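So the structure is just underneath, and the comments pick up after that.
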Amino acid sequence: MPKTTTTPPVLADPSRWKALVFIALAQLMVVLDATIVNIALPSAQSDLGISDANRQWVITAYALAFGGLLLFGGRIADKWGRKNAFVVGLIGFAVASALGGAATGEATMLGARALQGAFGALLAPAALSLLAVMFTDAKERAKAFGIYGAIAGGGGAVGLILGGVLTEYLNWRWTFFVNIPFAIVAAVGAWMVIREPAGSRNRAPLDIPGVILSTLGLVALVYGFTRAESAGWSDGLTVGMFVASAVLLGAFVLVESKVRSPLLPLRVLLERNRGGVYLSLGLAVISMFGLFLFLTYYLQVVKGYSPVMTGFAFLPMIAGMITGSTQIGARLMTRVAPRLLMGPGFLLAAAGMLLLTQLEVGSSYPALILPAQLLLGLGMGTAFMPAMSLSTHGVNPADAGVASAMVNTSQQVGGAIGTALLNTIAASATTAYLADHAAEAAAGGPGARLIQAQAMVEGYASAIWWAVGILAASAAIAFTLINTGRPGAGGPVASGSGAGEDAAFKVPVIAH
């Protein structure tokens, strides 16, 4: 009888589920920080004497550093080691949060926010790429990314709740100090339990021209959209930022196609499934961030909710996201192709948005806002889960950090675009409504106040119609570009994939 030889199976890291706890905790901290400060901003502005003209920089300083440095942070994680980058990112984020909470003036606050963004840009791609290289079994990977996707999708809404509670019952400084225990627990736990797979680092020299061009290009892009919100789309500096961004990012692509060890290998972008994820997810985040803004103002200004009540009013969306991610996405991902989760998920979210186009001054929360949030949460959770997993689809382990950074970049840029674009649309519709009802508004009294409230709601509804269309576009992109099969099943080979990439939706297994 001929001898048969079998390759011994690669044993999974026994600490991977413990590691997931600390990775998820760190991701929650980063996502929370994107929204928790928003509710505390009026109190912080008053205490620190920040002018109305400069208050936006408390948000913008974080967004610019985070969005501009993500690709650099992802490549540092690939080169330096994801565990090292993860722990250093956590420690740095905690120190920056302590500085922000202890700030006594505008300069310290803005510097702390920029530092938070810089360390977040190191931490976020390291967290996602650790999952990509530690969870290699299809079913386990689905569960792990289900948890991660739920946190990535729902963490912003949790931040609104926590920000309201801390600001109302303690003070605004605790929206910064709350990060410190999160970071310490996650850093200590990660150092003890995470064992990064051997041989998965990228030892290539750092692409300095790529770092400079990508950072400046992304900063210009994020700042352009942020400035458009306050100064308008025709403002000279706004237009200049967009032109500069186009030139810098175009030069970045050219450089990346020529250098031997690029910061962002173009194969990471050109593989159609990853490209489809980055594009569809970025568009979906535009809608979601815009909705957070409008619902927050609607509930507080129009309906008179307190910050805490407003935060809790977002709970159905969080519940929907968790259910969609862990109970629908994670359970079905090993049975159906990812596009059959992402496409319908985005359409379900669009249906929730469509309900909110019916928003009126006297709309009932249980009858309209609650079901709309549930649909939006279920849809986004279902779509986010396979999207997060696909962001490192078939990527060489040495590129996992920068591939993870790309999905974070698409979300960060999407958030900046969403806030600026949809807010501008809403403001234009509000102005038009007031112009049409100028005589009633000029009469004064309760009728004038009602006209003001109706004008605001008219603006929100107009912008939400755009959000519906954007989510429909996300669904179309998911159905069109994403063509991989379910995990472990054969699928079409996508053109443009790099060496070592697998169209069957697997991450190469690295021996421990």
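These numbers come from a predicted model, not from an experiment.
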The test is side chain to side chain contact (heavy atoms under 4.5 Å, CB included); show your working for Ile369 and Leu299 and say whether it passes.
CA-CA 10 Å; Ile369 299 172; Leu299 293 171; 4.2 Å; yes
Does CZ belonging to Phe312 count more than 12 external heavy atoms closer than 6.0 Å?
no
What one should report as the nearest heavy-atom pair of Asn179 and Ser97 is ND2-OG, 3.1 Å
Between Arg113 and Gln116, is the side chain to side chain contact (heavy atoms under 4.5 Å, CB included) condition met? List the steps.
CA-CA 5 Å; Arg113 288 292 283 163; Gln116 277 186 315; 2.9 Å; yes
Can you tell if the side chain of Val255 reaches within under 4.5 Å of the side chain of Pro262, non-hydrogen atoms only?
no
Note: Val468 and Met353 closest approach over all heavy atoms is CG2-CB, 3.5 Å
Do the side chains of Phe314 and Gln373 get nearer than 4.5 Å, heavy atoms only?
yes
CA sep, side-chain torsions, deciding dist, call: Gln454, Tyr433, side chain to side chain contact (heavy atoms under 4.5 Å, CB included)
CA-CA 8 Å; Gln454 287 174 336; Tyr433 187 91; 3.2 Å; yes
Please tell me if the side chains of Gln45 and Trp172 come closer than 4.5 Å, counting only heavy atoms from C-beta onward.
no
Does any part of the side chain of Leu71, heavy atoms only, come nearer than 4.5 Å to the side chain of Met406, both counted from C-beta?
yes
Within the structure provided, determine whether Leu264 and Phe252 are in side-chain contact (heavy-atom separation under 4.5 Å).
yes
With no hydrogens and no angle check, is any side-chain donor or acceptor of Ser474 less than 3.5 Å from a backbone partner on Ser280?
yes
When every non-hydrogen atom of Leu123 is compared with those of Ala26, the smallest separation belongs to CD1-CB, 4.2 Å
Looking only at heavy atoms, what is the nearest atom pair of Pro125 and Gly120, with distance?
CD-O, 4.2 Å
Using modelled atom types only, decide if a donor and an acceptor are shared between the side chain of Glu271 and the backbone of Asn273 within a distance under 3.5 Å.
yes
Main-chain N/O of Ile477 paired to Arg339 side chain as donor or acceptor, under 3.5 Å
no
Hey, could you give me the CZ/CG distance between Phe346 and Leu471, rounded to the nearest 0.5 Å?
7.5 Å
Distance from Leu348 atom CG to Leu354 atom CG, nearest 0.5 Å?
12.0 Å
Please check: side-chain N/O of Glu458 versus main-chain N/O of Ala429, any donor-acceptor pairing under 3.5 Å?
no
Report yes or no: does Ser287 contribute a side-chain atom to a donor-acceptor pair with the main-chain N or O of Ala467 at less than 3.5 Å?
yes
Got a second to check how far Ser325's OG is from Leu341's CG, nearest 0.5 Å?
10.5 Å
Can you check whether Ala426's main-chain N or O pairs, donor with acceptor, with Thr430's side chain at less than 3.5 Å?
yes
Not counting sequence neighbours, which residues clear side-chain contact (heavy atoms from CB on, under 4.5 Å) with Arg227? List them please.
Tyr223, Ala231, Asp235, Leu237, Thr238
What is the minimum heavy-atom distance between Leu266 and Ser257, and which atoms define it?
CD1-CB, 3.8 Å
How long is the gap from OG1 on Thr382 to CE on Met342, to the nearest 0.5 Å?
11.5 Å
Residues that Ser462 engages under side chain to side chain donor-acceptor pair (under 3.5 Å), provided they are two or more places apart:
none
Short side-chain to backbone donor-acceptor contact, Thr323 and Gly320, under 3.5 Å
no
Parallel, tilted or perpendicular: which fits the ring planes of Phe177 and Trp174, with parallel below 30° and perpendicular above 60°?
perpendicular
Any Gln452 side-chain heavy atom under 4.5 Å of Leu434 side chain:
yes
Is the side chain of Tyr298 donor-acceptor paired with the backbone N or O of Leu359 at a distance under 3.5 Å, no angle test?
no
Taking the side chain as every heavy atom from C-beta outward, state whether Phe294 and Asn423 have any pair of such atoms under 4.5 Å apart.
yes
Value rounded to 0.5 Å, distance of CG in Leu355 from CD1 in Ile464
10.5 Å
Using the six-membered ring wherever Trp is involved, compare the ring planes of Trp233 and Phe242 and label them parallel, tilted or perpendicular (cut-offs 30° and 60°).
parallel
Using a 4.5 Å cut-off on heavy atoms from C-beta on, say whether the side chain of Tyr278 contacts that of Val268.
yes
Over all heavy atoms of both residues, which pair between Ile482 and Leu390 is shortest? Give the atoms and the distance, please.
CG2-CD1, 3.8 Å
Quick check for you: to the nearest 0.5 Å, what is the distance between Ile76 atom CD1 and Leu69 atom CG?
10.5 Å
Would you check if the side chain of Thr215 reaches a backbone N or O of Val211 as a donor-acceptor pair within less than 3.5 Å?
yes
